[in-house]
Amino acid sequence: MTETEFLLWVRGPALQIATIVFVLGIVARILQMVMLGRKANLAEARGSALAGGLRTMVTRSVPDKGTFQRSTFTIVSGYIFHIGLFVTIFLFAPHILLVDEVFGLSWPALPTPVVDATAVVTIITLLAVLIHRLKDPVMRFLSGFSDYLVWLVTFLPLLTGYIAFHRIGLSPTMLIALHILSVELLMVLFPFTKLMHTFSLFIARYYNGAIAGYKGVHS
Amino acid sequence: MSGPSLEKGLAAFREQIDAPVAAFFNSCMHCGMCADACLFYTETKDPTRTPIYKLEPLRKVWQQEYTFWGRSMKALGMSKPVTDEELGQWEELVYDSCTLCGRCSMVCPVGNDIAYMIRKMREGMAAAGHAPDGLIGATKRAVTIGSPMGVKLPALQAQIRHIEEDTGLEIPLDREGVDYMCLLSSMEIMNFPEYTAALAKIFHQAGVTWTISSEAFEATNSGIQIGVSEIAAELVQRIVDAAEKLKVKAVISPECGHAYMAIRWEGPNLVGKPFDFKVVHILEVLDELREQGRLKITGKEMQRLTYHDPCQIARRGGVLEQPRRLLDMIADDFVEMPEAGVMNWCCGAGGGVSSNERADDLRLKVFNRKKEQLDAVQAEGLVSACANCRIHLEEGLEEYHMDLPVLSLTETIAEHLAEDKS
Ligand code: SF4
Ligand code: SF4
């Protein structure tokens, strides 16, 4: 297989398979979760479960003061790399162009140097996050294979993207093919790993807020 | 009824797994933040006491039986099923090291209600025979005698006689058609008769009609703490029957945190139907009387007071503003501890921990969290609204050589009632 054939395969059949697994997998996993249902609450409500659930979906993004002081690194690094991922994935001009080609949707991009700098910051932060996970007694104790796998498949697209953009080492064709491949790996593993938290955390927060809201508590 | 077994435990786990549980387990990123939210971790620095880790056996069952990946691995024989031994090892984490305080549930960034799951996990632990002896004993006494501490009706009647002599007021037993039926915790009957006396004084002044049922006076519910819903339901049913028999408008949950959770929030769900009467916490009743101008107060507490929110009343129960408004009425110098209210730190003895002698040292150790919170405000009096918290707070303060009186809010209000002029 030549480099061009490899790129064509990566951009063609491989991407199709990855997209199907990604989309169907996510939908199936969410259904699998939500369809377990929960019992109706027969106690007299003091507040609204719906309002509480919706509120917590948003408010849980901001920690309380004491928690911020106790988990400062986790929170700050978490913010940085999540925002960094968002910026590099969705506000990078070539990515938007790709979405435009496939779906006919487009939105303004950030200037490329800004995205480039964000990528560097995000890569460094993700490395720091990994070191933190390996060093912090609690995180190290809790973490297993899947936690590191999830870290790796999140990190790889960022790294390969950065290398491809700066054309380091291999040919541009090969670099872009590897970048797309790393994204496909992420997509295929997404529904079967904790990467699902991207979606399920809103469901979790909803339930948390609804359970508390029903009792008149803001959680 | 045959005895407990691993199969029953796992079956109970399956029964407990619902959409929230699946969403919670699925979302956990092992960030470790819940550890710093839990006094059992912060005061021991033992990673096994990280809240989410306490649920590991339940998580395994979910993972192996409720996810594609887990099911495939299981089908291929590549996963290790949960063993009886494993559940045995978790007993100390699920019961001794968790008060169901729910603080972790407020902190988890993905929104996991961990306390909700630990409550559920206890159902499986108890069914598998891995509940602490202390709690098993308390639960047996609750079913056979009617009180986890073995308090029988004659003991209550004796107390009532004393209180009537002291106060010159009647404590109405089994009176039909009154507004309120008051529940008491065994601890109040045995250790704090002043609470019942306070009720008598306040209700007398405010003109509230009330009664205590001789058939269902116990407010606590060991069935919930140990995690046996059938027993919990039986205990709730006794109260429902008594309330219906006496045709009261509402049942008052006393100064006890988990009793309020049990009767107010879990009760109707345990017996499977909504109640025909209301359930209110005594602080809600007092605050309502205050609002209606029916609490006539004289004088204020001059020493610097602070308030300990019992977890099941505040964070898990929703009674947060009432105690503050009431304190405002009787306290001249009231000060909030850091993180008071929904983020308050548990005293360390709730959720059945105080009935479990094995956890005695641990609960006193983790009291250090409360100590630090108290140190920050230099209070001269600590007010609370839970007899269980109160006993443990007193013990903890003594252990840490802190000279601080622990006061019941209801009793303190009763002490400040204006003399009846009529
Ligand atoms: S805080 Fe939430 S996401 Fe983090 S380890 Fe605990 S349960 Fe998991
Ligand atoms: S409910 Fe309270 S005691 Fe239990 S794990 Fe959570 S923070 Fe710890």
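Just so it is clear, the values below take in all heavy atoms, side chains as well, and ignore hydrogens, waters and symmetry mates. Every chain is numbered from 1 and lettered A, B, ... according to where its sequence line falls, protein lines coming before strand lines. The model shown is predicted, which means the values in this text are computed figures rather than measured ones.
Residue Glu15(B) places its CD atom among 12 or fewer non-hydrogen atoms of other residues, nucleotides or ligands, all under 6.0 Å distant. Around atom CE of Met78(B), no more than 12 heavy atoms belonging to other residues, nucleotides or ligands sit under 6.0 Å away. Within a 6.0 Å radius of CD in Glu321(B), no more than 12 heavy atoms belonging to other residues, nucleotides or ligands are found. Counting heavy atoms of neighbouring residues, nucleotides and ligands inside a 6.0 Å radius, atom CH2 of Trp151(A) exceeds 12 of them. More than 12 heavy atoms of other residues, nucleotides or ligands shown are found within 6.0 angstrom of NZ on Lys60(B). Other residues, nucleotides and ligands contribute over 12 non-hydrogen atoms within 6.0 Å of the CZ atom of Arg70(A).
Atoms CG and CE, on Leu201(A) and Met29(B) in that order, are 9.5 Å from each other to the nearest 0.5 Å. The line from SG of Cys31(B) to CG of Leu142(A) is 8.5 Å long, rounded to the nearest 0.5 Å. Interatomic distance, Arg205(A) CZ to Asp113(B) CG, rounded to the nearest 0.5 Å: 14.0 Å.
Here Lys74(B) pairs with nothing under the side-chain hydrogen bond (donor to acceptor under 3.5 Å, both in side chains) rule; sequence neighbours left out.
The contact between Ile52(B) and chain A is made entirely by side chain atoms (from C-beta outward), counting heavy-atom distances below 4.5 Å. Only the side chain of Val150(A) comes within less than 4.5 Å of a heavy atom of chain B; its backbone N, CA, C and O stay farther away. Interface remark: Arg140(A) contributes no atoms to any contact with chain B (heavy atom separation under 4.5 Å). With a 4.5 angstrom heavy-atom cutoff, Val107(B) touches chain A via backbone and side-chain atoms both. Proximity to chain A is limited to the side chain of Ala35(B), based on heavy atoms less than 4.5 angstrom apart. With a 4.5 angstrom heavy-atom cutoff, Lys45(B) does not touch chain A via any of its atoms. In this structure, chain A has a heavy atom under 4.5 Å from the side chain of Glu284(B), while its backbone stays farther away. For a residue to count as touching a neighbouring chain, one of its non-hydrogen atoms must lie under 4.5 Å from one of that chain's; by this rule Arg264(B) touches chain A with backbone and side chain alike. Contact annotation for Glu44(A): both backbone and side-chain heavy atoms come within less than 4.5 Å of a heavy atom of chain B. For a residue to count as touching a neighbouring chain, one of its non-hydrogen atoms must lie under 4.5 Å from one of that chain's; by this rule Asp64(A) touches chain B with the side chain only.
The minimum heavy-atom distance linking Ala22(B) with Met33(A) is given by the pair CB-CG, 3.6 Å. Considering all non-hydrogen atoms of both residues, Gly37(A) and Pro20(B) come closest at O-CD, 4.1 Å.
With contacts defined as side-chain heavy-atom distances shorter than 4.5 Å, the pair Tyr66(B)/Leu36(A) qualifies. Within the 4.5 Å cutoff, side-chain heavy atoms of Arg133(A) are placed close to those of His30(B). Taking the side chain as every heavy atom from C-beta outward, Met343(B) and Thr67(A) approach each other to under 4.5 Å.
By number of non-hydrogen pairs under 4.5 angstrom with chain A, the leading residue of Val342(B), Thr67(B), Val319(B) is Thr67(B). Chain A forms the most heavy-atom pairs under 4.5 Å with one residue out of Val21(B), Asp18(B), Asn269(B), Asp36(B), and that residue is Asn269(B). When Thr48(B), Val279(B), Leu270(B) are compared by the number of non-hydrogen pairs under 4.5 Å with chain A, Thr48(B) comes out ahead. In terms of non-hydrogen atom pairs under 4.5 Å with chain B, the most contact-rich of Met35(A), Met139(A), Lys39(A), Met57(A) is Met139(A). Interface summary for chain B: among Thr193(A), Thr74(A), Leu195(A), Asp136(A), the most heavy-atom pairs under 4.5 angstrom belong to Thr74(A). Between chain B and the options Ile30(A), Val129(A), Asn41(A), Val34(A), the largest number of non-hydrogen pairs under 4.5 Å is found for Asn41(A). Among Phe68(B), Phe24(B), Trp265(B), the residue making the largest number of heavy-atom pairs under 4.5 Å with chain A is Trp265(B). Contact tally against chain A (heavy-atom pairs below 4.5 Å) for Gly32(B), Ala37(B), Pro338(B), Gly102(B): the top residue is Gly32(B). The residue among Gly70(B), Gly272(B), Ala314(B), Ser105(B) with the most heavy atom pairs within less than 4.5 Å of chain A is Ser105(B).
Judged purely by distance below 3.5 Å, without hydrogens or angles, the side chains of Asn208(A) and Asn112(B) never pair a donor atom with an acceptor atom. Looking at Asn26(B) and Arg29(A), their side chains do bring a donor and an acceptor atom within 3.5 Å of each other.
At least one donor-acceptor pair closer than 3.5 Å links the side chain of Arg60(A) to the backbone N or O of Met106(B). Formation of a donor-acceptor pair under 3.5 Å by the Lys194(A) side chain with backbone atoms of Ser27(B) is not found in this model.
For the ring-ring contact (aromatic ring centres under 6.0 Å, His included) condition, the pairs that include at least one residue of residues 31-65 of chain B, sequence neighbours left out, are Phe141(A)-Tyr53(B), Phe25(B)-Trp62(B), Tyr53(B)-Trp90(B).
Contacts between residues 45-55 of chain A and chain B, defined by a heavy-atom separation under 4.5 Å, are made by Ala45(A), Arg46(A). Proximity to chain B at a heavy-atom threshold of 4.5 Å picks out Ile211(A), Tyr214(A), Lys215(A), Val217(A), His218(A), Ser219(A) from residues 209-219 of chain A, in numerical order.
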